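Structure record follows, encoded as structure tokens.
When a ligand or atom number is given, it counts from 1 through the structure's own listing order. Values below: every heavy atom of this structure, side chains too, minus hydrogens, waters and symmetry copies. Not measured: the values here are computed from a predicted model.
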Amino acid sequence: MKKRIAVLGATGSIGRSALDVIRADKEHFEPVLFSANSNADALFELATEFSSAKIAFSGQLGTDRLEFFGVDRRRVYSGYNGLLAAIDDAGAELTLNGISGAAGLRPSLAALEAGSALALANKESMVMAGRLVLETAAIRSLPVIPVDSEHSAVFNLLRFRDKNALKEILLTASGGPFRMWNADRLKKARPEDALAHPTWNMGAKITIDSASLANKGLEVIEAARLFSVEADRIKVVVHPQSIVHSMVRMADGAVYAQLSWPDMRLPIHEALHYPDMARSAWGVLDFEGLNLTFEKPDFERFPMLGMAYHALRAGERYTIAYNAANEYAVDAFLGGKIGFTDISVLCGRVLNKEWGGEASDLQAIMDTDRLARESAAALVKGLERQV
Ligand code: NDP
Ligand code: MG
């Protein structure tokens with residue numbers, strides 16, 4: 001029997017990698033749903049290639065486009081609510097969520113509510129609503145399988161070990177394109193500089209986050225939620241080659257690491273096959289000539305990292321505000337409205353407000369997200385004038 005897979009965000013970097021994995025393993029997987037937000041052409045090409053899959057286009061789609069592509073309308077869902085309905089109807093056994101940003105949260109919950117296991121690339125789901133996502137999964141005895149390479153590494157390292165003996169998680173970070181830039185140069189960094197990641201090829205938002213270390217900040221929060229580990233037991237280690245994808249230090253002092261070439265197809269392959277371990281050709285490492293180095297992260301030049309620890313310690317609503325403010329700030333930076341170092345200035349100002357403690361349900365989570373964006377929008381005006 002083939003495993004029925006839904007791929008959300010099928011037109012993005014994670015989605016395209018997932019399609020490589022699915023095409024290489026057609027005897028194991030049957031895609032039942034693909035989603036996209038703006039790239040209708042790529043989505044409809046998938047609908048043609050996989051003729052039994054449903055497709056969900058969360059942007060608005062003109063009927064002329066539907067006719068142009070000649071796809072049976074009964075297979076097509078449109079708008080964000082259409083995406084949620086498609087997830088409900090898809091009958092997937094496993095949903096890979098590769099949607100970017102806060103827009104990925106409801107689809108994660110919808111997948112679990114529909115009885116599907118969740119392979120989670122959308123780290124925002126965990127940062128905004130880790131507790132709610134894990135509770136929704138636990139009620140239905142469904143697994144949440146991390147796809148983010150660091151968390152996939154930790155997840156797999158811990159699968160066959162006593163989790164009570166875990167001392168700390170060591171998350172590796174490439175350090176991004178600005179690892180060697182001084183503070184003055186950082187102020188002048190342009191979007192095209194930040195988009196030139198040295199080791200990973202990813203979507204624009206996460207690439208900017210890698211340059212500011214906000215991505216690692218989000219991942220610290222993601223790890224705390226996924227593995228129920230407090231902030232003090234999660235350390236970040238800069239490892240520019242991106243070969244060691246993370247490590248766990250156990251109570252006896254031994255450190256275990258996961259190593260492979262930086263290729264998201266390996267963690268996606270592992271998540272799609274979970275709980276089985278299947279052969280793959282992705283990321284296989286050849287040690288000849290490898291030179292692995294490790295450094296401390298610089299919290300001064302990259303304040304987004306420290307801010308994530310602060311938000312994690314301060315409570316759920318702070319992590320929602322951190323994510324929302326950063327998402328807003330990255331958009332403003334990409335749109336040329338603010339400078340690179342203003343991203344952390346803006347987020348710092350948003351986090352300086354009083355956000356409260358736990359966000360008890362989805363409504364409270366979405367309200368906090370909206371308020372933090374409104375706060376960032378008001379504060380960005382003061383920064384715009386200085387660019
Ligand atoms: P991309 O920007 O490349 O792709 C995003 C995908 O989400 C696209 O299919 C896009 O559709 C869709 N999308 C965007 N906005 C919306 C929306 N409002 N509603 C529904 N769908 C939407 O992102 P990545 O693939 O790089 O990242 C996806 C997620 O995975 C992020 O959370 C990221 O942090 C995480 N991740 C990514 C890694 C990577 O290597 N890329 C590594 C680890 C984690 P369309 O193309 O049609 O606009
Ligand atoms: Mg990662």
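Within Asp148, the N, O or S atom lying nearest to the Mg ion (ligand 2) carries the name OD1. Within Glu150, the N/O/S atom positioned nearest the Mg ion (ligand 2) carries the name OE1. When the N, O or S atoms of Glu219 are ranked by distance to the Mg ion (ligand 2), OE2 comes first.
Note: Phe340 and Phe178 have perpendicular aromatic rings, judged against thresholds of 30 and 60 degrees for the angle between ring planes. Under the 30°/60° scheme for interplanar angles, the aromatic rings of Tyr309 and Phe299 are found to be tilted.
Residue Ala103 touches ligand 1 through its side chain alone, judged by heavy-atom distances below 4.0 Å. For Met202, heavy-atom contacts with ligand 1 shorter than 4.0 Å involve the backbone as well as the side chain.
Side-chain atoms of Asn122 and Glu124 include a donor-acceptor pair closer than 3.5 Å. Checking Arg317 against Thr368 by side-chain atom types alone, a donor-acceptor pair falls below 3.5 Å. A donor and an acceptor atom, one from each side chain of Asn37 and Tyr80, are nowhere located under 3.5 Å apart. Looking at Ser152 and Glu150, their side chains never bring a donor and an acceptor atom within 3.5 Å of each other. No hydrogens or angles considered: nothing links the side chains of Thr199 and Gln241 as a donor-acceptor pair under 3.5 Å.
With salt bridges taken as basic N to acidic carboxylate O contacts below 4.0 Å, none links Asp184 and Lys188.
Between His245 and Trp200, the ring centre distance stays below 6.0 Å. Ring-centre distance between His273 and Phe29: below the 6.0 Å cut-off.
When only non-hydrogen protein atoms are considered, atom 48 (O) of ligand 1 lies nearest to Ser38 OG, 2.6 Å. Nearest to atom 35 (C) of ligand 1 among the protein's heavy atoms is Ala121 O, 3.1 Å. Nearest protein neighbour of atom 32 (O) of ligand 1, counting heavy atoms only, is Glu124 OE1, 2.8 Å. For atom 3 (O) of ligand 1, the closest non-hydrogen atom on the protein side is Ser13 N, 2.9 Å. Looking from atom 28 (C) of ligand 1 to the surrounding protein, the closest heavy atom is Gly98 O, 3.2 Å. Thr11 OG1, 2.7 Å is the protein heavy atom nearest to atom 9 (O) of ligand 1. Annotation: atom 14 (C) of ligand 1 to nearest protein heavy atom, Ser100 OG, 3.6 Å. When hydrogens are left out, the protein atom nearest atom 20 (C) of ligand 1 is Ser58 OG, 3.2 Å; that is the closest non-hydrogen contact.
Here the shortest heavy-atom distance to atom 2 (O) of ligand 1, taken over Ala18, Gly203, Ala40, Gly101, belongs to Gly203. Of the candidates Asp41, Asn39, Asp148, Asn201, the one placing a heavy atom closest to atom 43 (C) of ligand 1 is Asp148.
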